[in-house]
Protein chains: 2
Amino acid sequence: MTAVDDAARPYHHGDLRAALLAAAEQELADAGVEGFSLRAVARRAGVSHAAPKHHFGDAAGLLSALAAEGFRRFLATQQAREATAPPDARSQLLAAGLGYVDFAQARPALFRLMFGSAKPDFATPDLQQAGRAAYDHLCVQVQALGGGANDVAAVWAMAHGLADLAMSGRLLPLHAMSQEEREAALSDAILRAIPG
Amino acid sequence: MTAVDDAARPYHHGDLRAALLAAAEQELADAGVEGFSLRAVARRAGVSHAAPKHHFGDAAGLLSALAAEGFRRFLATQQAREATAPPDARSQLLAAGLGYVDFAQARPALFRLMFGSAKPDFATPDLQQAGRAAYDHLCVQVQALGGGANDVAAVWAMAHGLADLAMSGRLLPLHAMSQEEREAALSDAILRAIPG
DNA sequence: AGCGAAATCTTGTCAGTGCAAAGATGGCGT
DNA sequence: ACGCCATCTTTGCACTGACAAGATTTCGCT
């Protein structure tokens, strides 16, 4: 196929892998992790229901790739927050925590896939590495403050708890707050977990 | 079928509702929230796949009832911990937090159903009330310490984060610890969130 | 160029699932 | 004794994930 005219799509998609990932993210946002359907993803991308097989094997493969991509964006969201924060280690760690919560609220379905689902195969090298990178980033920040393993656990748990509860709409007071109040309340909580 | 001899079971189960709830909990523990199958529950209980319909309507109904039962046990687990702790408000709140983590590790599938799933209908009166009772219990404890809404959020988030991460096996250092060390590490983290 | 091999995508099939409707059974009140 | 009705089963439908086999295109190699 040298020329693609009209609406007739070529037999080969061109970049189906990327298209499927994008469609899967949409599907995930619309139907949630539990209502996720591989066939619906294929429909969304305009290909047959078996097309994903060649690129991802099965549903777990697709979701693993999506979760890995999620962890990369997760880290990027935290780093974006850090870039606008004061350079001292404490402020940087706080910013990372706020970014953690930001991500969960901005992409709840992806967050659930990454932290609350058993569907992805977390032994996949790509996924494992992406998750590890996010974890290492946290460890480095805590160490810069002179903290140890207990501090890593405390900070992580606090940020994760806030993110998970806020994402699932259980921290009701938070929703009634203005942006500034919300930020202040989250910061207050996160700072409690940070040593010093 | 007038006479029931051998292994032939009677047409009417007797207490199918309770049997289904028990079977559902087993199924949940074995297959996880995402692999949960209503028909498998029915098989486990030895009835036809449509039998649950009369008692619970659909899968969401069954899971809602199970989640409500989960919240009651969740509260009971916390209270059991409190009973063995010093009576001062601070120790009681700490005990509740440790109970929170206990529950998640003892019944991970149930915990995921209660906090990480969209399958139960959280607007169900029974479920809503059970969840509310657990939340109120936390609020009362925080208020006994003179804390406010921010303190409730901080303590809840810390306990929930620890529970969720520990349950999903992400707090690796925790697994390598002895019981005492583990307890001490969790207490250290929880106490950071408690005011005073 | 051109030809075979491999990659990519489609169609077809099968077992399993949730849900709904209709039929079978037996307890219970009158 | 009779009929009502809650309970349970059977049957049917649409959907899903996984697999197999076939169709189509592209790529590599000569």
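Of the candidate nucleotides C:dT11, C:dC19, D:dT16, D:dT16 has the atom nearest to the side chain of A:Ser37. Closest approach to the A:His49 side chain among C:dT10, D:dT10, C:dT13 is made by C:dT13 (side chain taken as heavy atoms from C-beta onward). Closest to the side chain of A:Leu16, out of C:dT11, C:dC9, D:dT9, is C:dC9. The listed nucleotides are C:dT17, C:dT10, D:dC8; the one nearest the side chain of B:Ala51 is D:dC8.
A:Glu25 and A:Arg107 are joined by a salt bridge, as a carboxylate oxygen and a charged side-chain nitrogen come within less than 4.0 angstrom of each other. Between B:Arg81 and B:Glu183 there is a salt bridge, since a side-chain N of the basic residue sits under 4.0 Å from a carboxylate O of the acidic one.
The minimum heavy-atom distance linking B:Glu27 with B:Gly35 is given by the pair OE2-O, 4.0 Å. Considering every non-hydrogen atom in both B:Gly99 and B:Thr77, the closest pair reads O-CG2, 3.7 Å.
Note on A:Arg43: every side-chain N or O is 4.0 Å or more away from OP1 and OP2 of D:dC15. Checking the phosphate oxygens (OP1, OP2) of C:dA20, a side-chain nitrogen or oxygen of B:Lys53 falls inside 4.0 Å. Between B:His54 and the phosphate of D:dT7, there is a side-chain N or O to OP1/OP2 separation shorter than 4.0 Å.
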What pattern of brackets, bars and dots sums up DNA chain C from 5' to 3', given Watson-Crick or G-U wobble pairs under 3.5 Å, [ ] for crossing pairs and | for another strand? ||||||||||||||||||||||||||||||
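Summarising the geometry, atom CG belonging to A:Asp188 is positioned 7.5 Å from atom CG belonging to B:Asp151; distances are rounded to the nearest 0.5 Å. Of the inter-residue distances, the one linking A:Ile194 atom CD1 with B:Arg192 atom CZ reads 10.0 Å to the nearest 0.5 angstrom. Annotation: the span from A:Arg132 atom CZ to A:Leu127 atom CG amounts to 13.5 Å, rounded to 0.5 Å.
Counting distance only, with no hydrogens placed and no angle test, the side-chain atoms of B:Arg39 and the base atoms of C:dG16 include no donor-acceptor pair under 3.5 Å.
Between the side chain of B:Arg44 and the backbone N or O of B:Leu20 there is no donor-acceptor pair closer than 3.5 Å.
The stretch residues 55-67 of chain B touches DNA chain D through B:His55, each having a heavy atom within less than 4.0 Å of the strand.
Regarding A:Glu27, its CD atom lies at a distance of 13 Å from the C1' atom of D:dC15, rounded to whole Å. If you measure from atom CG of A:Leu38 to atom C1' of C:dT10, you get 15 Å, rounded to the nearest angstrom. For the pair A:Leu20 CG and D:dG17 P, the interatomic distance rounds to 13 Å; values are reported in whole Å.
Across all strands, A:Arg17 comes closer than 4.0 Å to no nucleic acid atom at all (heavy-atom distances).
For the ring pair (Phe, Tyr, Trp, His ring centres under 6.0 Å) criterion with A:Phe71, the lone passing option out of A:Phe122, A:Phe115, A:Tyr135 is A:Phe115.
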